[in-house]
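All values below come from the heavy atoms of this structure, side chains included, with hydrogens, waters and symmetry mates left out.
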Amino acid sequence: MAILPMKHIEIIAMQKDAKQIVDLLQQLGTVDVTERDANDVTENLSLFKSQSSLNQLDKTLALVQKSIATVEEFACVKHSLLSGFEGRKEISKEEFESKLDDVDRIMKCIYDVESLSNKIISEKTVIKQSTQRLDAILPWEKLDIPMQFKGTAKTECAVGFFPSQYEESDLHEAICEQYASLKKSEAASKGEEFKPDELKFPDYCADIVYTSSNMTCVSFIFHKNDSKDMNELLRKLSFTTHSDPTKHVPSVRIGKLKARIEEAQDTIDSSTQKIKDYKDKLDDFYFLSDYLIMRRDKYDMLGQLLFSDKTFILDGFVAVEDSQKVIDTLNEKFSLYAELRDPLPDEEVPAKFKNNAFVSPVEDIVESYSGPSKTDIDPNPVISFFYYFFFGMMLSDAGYGLLMALGTIFVLVKAKPEGNNKKNMLKFLYCGIASIFWGVMFGSFFGDVVGAISRGFFDGSVEFKAVWFNPNDDPMKLLIISLILGFVHIVVGMGANFYKLCKNGDPVSAICDIGFWYVVFAGIILIILPMAVTTTLPLAAVGKWVAVAGAAGLVLTGGRSAPKLSGKILGGFGALYNVSGYFSDLLSYSRLMALGLVTGIVGSVANTIGTLFGSGIVKLLIFIIVFVFFHAVNLAISALGAYVHVNRLQYVEFFTKFYDGGGKIFQPFALNTKHYKIKEDN
């Protein structure tokens, strides 16, 4: 369990073999290839121009993924809750190569799906536009003349609408009133007397074809001699002439629009069915997507290589345990020069972890923080136990832990996840087991559900008793235990730093910067111990002098690197002042008590609420509903809180004691597919 030692690998081969060599390295998935940029270009070496190929592959890949989404949507492909955890389907090299022969055929299907999808979009636009036009023309369906009809030799026709509702009598009355008002205004402008009894109203024919609360559609026919008066009074009544340009009656246009909508809908239905029929081709589409991802990664890698007229150069890093296999495989299939050497002091070497199934699940916690530097040790074995232990203590409920454990086991067995998904499931499996342990210690199983059911439905004689103690009854004891565990955690972190310094050839710093602190801590423990344990030994007196000796060692050696005496003195007292930092870190572990206490209290309150109402079967139903709801919420919030705070304890209180970080994580050039993986040869 460690950071694997690395070798630098350099490959010089013929340019004609570049793609095949990159293919092979991608399949091996064991080489972290060094990225190149314009600064590496020389007079004789240049970068491979792969950008145009990458752009085309990106466009094609986007098209394939869009087509997959289209088929899944139209065919109503349902993905199970476990689909996000499922591992890739394994196929042999022979099956993979066989599928490659079908790439062109699959691509034609992709283009067909895209064409059908575009046709559906186009026809939906047609339906939308036609529907809008139909809605506008439907009120005129009963009109038996074209809407652009202007009249005959002696008559004029006006087709339009009023922005208000009129019945035939109301319309005639409004026209008469408006005509009288118009004539009265004309008489006044000429200085003449207005005589309403002598008014002669123009003859007209009004055909109301549609009326609603906010519109009245009308066609008017009147004599051309009355055109001026009629047009003026209609304008005064806010009459608007319809602008429809067609030469046939509205019913003809309405029929055409309905036929076009029906035709478009038929096209949509047939295209939709054709897309649904491609559901059986989804596996081929998934394969094509993976193949394009592989090709894109390949061309991206080719763009990192340096080429001369006839050769190319590739270099990177490979784990020592994989290095000989890579060299042998390359030499077996190609004529090339491949060299392995130890990394140079100034080279940034990627870190690759190799840990067992208990430790490896927390690797992503370290990677999320930062990759290890050259001088760092692998922190995963150190943090794994504490990570699970502290998470379980914060969740501290056997029922919740049991649900987590069973859930993760189900996912592991059913979905067979791989990679980080598998690691995360294992991580939460161990966290669930730790939660079961602490739940049993503290007597918490879905809060106090056993006791609540016993008291609410029976005689109250049964309880889920704590093996150790109940934190609700003695929270101070839990706080003390949390601080003790925090102290152990800090001391282990310092011990890891002691080991790291010795490993890197600096035992003096290990003794001066860590060893003397251990002496101080030992003295403090001896001083505190008589408060908890009855003894006749003078532990407190001995502890006082042990602590003083450790403090003296810190003061005398803390400023050893300073060039002047004053700097050495100040550095020594500065080292001793770090005790305030350790005390602050120690207080952070009180969150172990806080979160563990809250989880149990909220669960117990939920159980109590569930037993307060009703009686008999009604009471049972209420209890079940309250139990499921409140405990689901409590589990979600408590698990999230435990996850966040256990990470914080690692990052802030633990890593700062020994872990520098700032390094690079090993990222091999490999087959980063989503759906298929090639079965390795035995």
* **Charged N-O contact under 4.0 Å between Asp58 and Arg296** => yes
* Asked: To the nearest 0.5 Å, how far apart are OG in Ser98 and NZ in Lys93?
  -> 15.5 Å
* Can you list the steps and then say if Ile268 with Ile127 is a side-chain contact (heavy atoms from CB on, under 4.5 Å)? -> CA-CA 10 Å; Ile268 290 173; Ile127 289 177; 3.6 Å; yes
* To do: Measure from the side-chain N and O atoms of Ser219 to the backbone N and O of Val159, and report whether any donor-acceptor pair falls under 3.5 Å.
  => no
* Give a yes or no on this: more than 12 heavy atoms of other residues, nucleotides or ligands lie within 6.0 Å of atom NZ of Lys256. => no
* Phe391 and Tyr643 aromatic centres sub-6.0 Å -> no
* Is the CD atom of Glu262 crowded by more than 12 outside heavy atoms at less than 6.0 Å? -> no
* CD of Glu35 to CG of Leu305: how many Å apart, nearest 0.5 Å? -> 11.5 Å
* Asked: Taking the inter-plane angle between the rings of His242 and Phe161 on a 0 to 90° scale, is it parallel (under 30°), tilted (30 to 60°) or perpendicular (over 60°)?
  -> perpendicular
* **Non-hydrogen atoms of Leu82 and Ala415 that approach each other most closely** => O-CB, 4.1 Å
* Asked: SG of Cys109 to CG of Leu282: how many Å apart, nearest 0.5 Å?
  -> 11.0 Å
* Taking every non-hydrogen atom, the tightest pair across Pro146 and Val249 -> N-CG1, 3.9 Å
* Which pair of heavy atoms, one from Ile261 and one from Ser130, lies closest together, and at what distance? -> CG1-CB, 3.5 Å
* Asked: More than 12 foreign heavy atoms under 6.0 Å from NE2 of His172: is that the case here?
  -> no
* To do: With side-chain contact (heavy atoms from CB on, under 4.5 Å) as the test, would you mind laying out the steps for Glu156 and Ile221 before giving the verdict?
  => CA-CA 6 Å; Glu156 184 174 328; Ile221 297 178; over 6 Å; no
* Taking it one step at a time, do Lys674 and Gln65 satisfy side-chain contact (heavy atoms from CB on, under 4.5 Å)? -> CA-CA 12 Å; Lys674 295 181 179 180; Gln65 292 176 341; 4.0 Å; yes
* Would Arg260 and Glu123 pass as an ion pair if we require N to O under 4.0 Å? -> yes
* Asked: With a 4.5 Å limit on heavy-atom distance, are the side chains of Ile137 and Met147 in contact?
  -> yes
* To do: Give me the ring orientation class for Phe446 and Tyr400: parallel if the planes are under 30° apart, tilted from 30 to 60°, perpendicular past 60°.
  => perpendicular
* Asked: Counting only N and O atoms by type, is there a donor-acceptor contact under 3.5 Å from the side chain of Asp397 to the main-chain atoms of Thr599?
  -> no
* Backbone N or O of Val113 within a donor-acceptor pair of the Ser117 side chain at under 3.5 Å? -> no
* To do: Provide the closest heavy-atom pair for Thr30 versus Phe666 in the form atom of the first, atom of the second, distance.
  => O-CZ, 3.3 Å
* Do side-chain atoms of Ser368 reach the backbone of Asp364 as a donor and acceptor pair under 3.5 angstrom? -> yes
* Which atom names give the shortest non-hydrogen contact between Thr211 and Tyr166, and what distance separates them? -> OG1-O, 3.7 Å
* Atom NZ of Lys298 with >12 non-hydrogen neighbours under 6.0 angstrom -> yes
* Asked: Within the side chain of Tyr210, is there an N or O that forms a donor-acceptor pair under 3.5 Å with the backbone of Glu141?
  -> no
* To do: Classify the side-chain pair Gln165/Ser213 by whether it contains a donor and acceptor separated by less than 3.5 Å.
  => no
* To do: May I ask you to decide whether Arg88 forms a salt bridge with Glu418, counting only side-chain N to carboxylate O separations under 4.0 Å?
  => yes
* Do Lys274 and Asp277 meet the salt-bridge criterion of a basic N to acidic O distance under 4.0 Å? -> no
* May I ask you to test the Tyr111-Leu63 pair for a side-chain heavy-atom distance under 4.5 Å? => yes
* Where the side chain of Glu95 meets the backbone of Ser92, is there a donor-acceptor pair that is under 3.5 Å apart? -> yes
* Asked: Considering all heavy atoms of both residues, which atom of Val33 and which atom of Phe669 are nearest to each other, and what is their separation?
  -> CG2-CB, 4.2 Å
* Determine, for Asp284 against Lys99, whether the closest basic-nitrogen to carboxylate-oxygen distance falls under 4.0 angstrom. => yes
* NZ/Lys19: more than 12 non-hydrogen atoms of other groups inside 6.0 Å -> no
* When rounded to the nearest 0.5 angstrom, what is the spacing between CG in Asp203 and OG1 in Thr155? -> 12.5 Å
* **Leu429 side, atom CG; Lys423 side, atom NZ - distance, nearest 0.5 Å** => 16.0 Å
* Asked: With a 4.0 Å cut-off, would you call Lys416 and Glu86 a salt bridge?
  -> no
* Parallel, tilted or perpendicular: rings of Tyr291 and Phe287 (30°, 60°) -> parallel
* Structure fact -> Rounded to the nearest 0.5 Å, the CD1 atom of Ile275 sits from the CG atom of Asp112 at a distance of 8.5 Å
* Structure fact -> Result for side chain to side chain contact (heavy atoms under 4.5 Å, CB included) between Phe623 and one of Val449, Ile609, Val618 points to Val449
* Verify the ring-centre separation between Phe220 and Phe239: is it less than 6.0 angstrom? => yes
* Using the salt bridge (charged side-chain N to carboxylate O under 4.0 Å, His left out) rule, take Asp207 and Lys142 through it: C-alpha gap first, then chi angles, then the decisive distance, then the call. => CA-CA 10 Å; Asp207 182 16; Lys142 295 180 180 179; over 6 Å; no
* To do: Please report the C-alpha distance between Arg36 and Leu47 in whole Å, then the side-chain angles of each, then the deciding distance to 0.1 Å, and finally whether the side-chain contact (heavy atoms from CB on, under 4.5 Å) criterion is met.
  => CA-CA 8 Å; Arg36 300 287 190 175; Leu47 292 172; 3.7 Å; yes
* **Whether over 12 other heavy atoms sit under 6.0 Å from Glu168 CD** => no
* Is the shortest distance from a Lys or Arg side-chain nitrogen in Asp229 or Lys183 to a carboxylate oxygen in the other one below 4.0 Å? -> yes
